[in-house]
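Quick note: residue numbers are just sequence positions, from 1.
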Amino acid sequence: MSFNLCKLPRHEKYQIQLDYESSFWAYQIKRGKRSRETVYDTINSRPVSEQAVLKQRFEYYLSIMLAG
């Protein structure tokens, strides 16, 4: 089964983008290319409405990547 992401509403596409960014930051930490401090600086520079979602998703992906 496939999904066409272009057909999603703009808000849902943006939530997917935030999720993607969070997973990429966790991947960079796992590979030693970034530190938590720089990720949190990046998150804190984003609009306040995004910060909680980014922090939650980042911690989720980081826990998965560091567990395995």
Side-chain angles (χ1 to χ4, degrees):
M1 177 182 252
S2 64
F3 295 97
N4 188 347
L5 297 178
C6 293
K7 292 182 179 180
L8 292 175
R10 176 178 277 179
H11 175 72
E12 288 183 35
K13 286 191 269 187
Y14 195 66
Q15 292 299 319
I16 292 170
Q17 179 63 32
L18 293 178
D19 199 55
Y20 173 76
E21 288 180 50
S22 300
S23 67
F24 182 66
W25 293 331
Y27 174 79
Q28 286 182 322
I29 287 178
K30 181 179 180 182
R31 298 290 177 212
K33 305 225 182 242
R34 225 171 208 213
S35 68
R36 280 184 189 232
E37 293 80 24
T38 59
V39 171
Y40 276 110
D41 289 342
T42 304
I43 290 172
N44 290 331
S45 69
R46 302 289 287 264
V48 176
S49 60
E50 298 174 0
Q51 289 179 8
V53 173
L54 287 170
K55 287 177 185 177
Q56 176 194 17
R57 299 307 296 166
F58 169 68
E59 290 296 330
Y60 169 74
Y61 283 116
L62 192 60
S63 68
I64 289 173
M65 289 188 185
L66 295 180

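- Cluster partners of Leu5 are Leu8, Ile16, counting Ile, Leu, Val, Met, Phe, Trp and Tyr whose side-chain heavy atoms approach within less than 4.5 Å, directly or via other members.
- Scanning all heavy atoms of the two residues, the minimum distance from Ser23 to Met65 falls at O-CE, 3.6 Å.
- For Asn4, the side-chain contact (heavy atoms from CB on, under 4.5 Å) partners at least two apart in sequence or on another chain are Cys6, Lys7.
- Residues satisfying the side-chain hydrogen bond (donor to acceptor under 3.5 Å, both in side chains) test with Arg46, not counting sequence neighbours, are Glu21, Glu50.
- Here the OH-OG distance, from Tyr40 to Ser45, works out to 14.0 Å after rounding to the nearest 0.5 Å.
- Under the 4.5 Å side-chain heavy-atom criterion for grouping Ile, Leu, Val, Met, Phe, Trp and Tyr, Leu66 is connected to Val39 within one hydrophobic cluster.
- In this view, Tyr60 satisfies the side-chain hydrogen bond (donor to acceptor under 3.5 Å, both in side chains) rule with no residue, not counting sequence neighbours.
- Using a distance-only test at 3.5 Å, with no hydrogens or angles considered, no donor-acceptor pair links the side chain of Asp19 to the main chain of Gln15.
- Taking the side-chain hydrogen bond (donor to acceptor under 3.5 Å, both in side chains) definition, one finds that Gln51 meets it with nothing, sequence neighbours left out.
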With side-chain contact (heavy atoms from CB on, under 4.5 Å) as the test, would you mind laying out the steps for Tyr27 and Lys33 before giving the verdict?
CA-CA 9 Å; Tyr27 174 79; Lys33 305 225 182 242; over 6 Å; no
Quick one: do Glu59 and Arg36 satisfy side-chain contact (heavy atoms from CB on, under 4.5 Å)? Show the steps, please.
CA-CA 10 Å; Glu59 290 296 330; Arg36 280 184 189 232; 3.8 Å; yes
Take Tyr61 and Trp25, measure what side-chain contact (heavy atoms from CB on, under 4.5 Å) needs, and give me the verdict at the end.
CA-CA 9 Å; Tyr61 283 116; Trp25 293 331; over 6 Å; no
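- Under the rule for a ring pair (Phe, Tyr, Trp, His ring centres under 6.0 Å), Tyr20 has no partner lying at least two apart in sequence or in another chain.
- Taking CG of Asn44 as the start and CG of Leu54 as the end, the distance is 10.0 Å to the nearest 0.5 Å.
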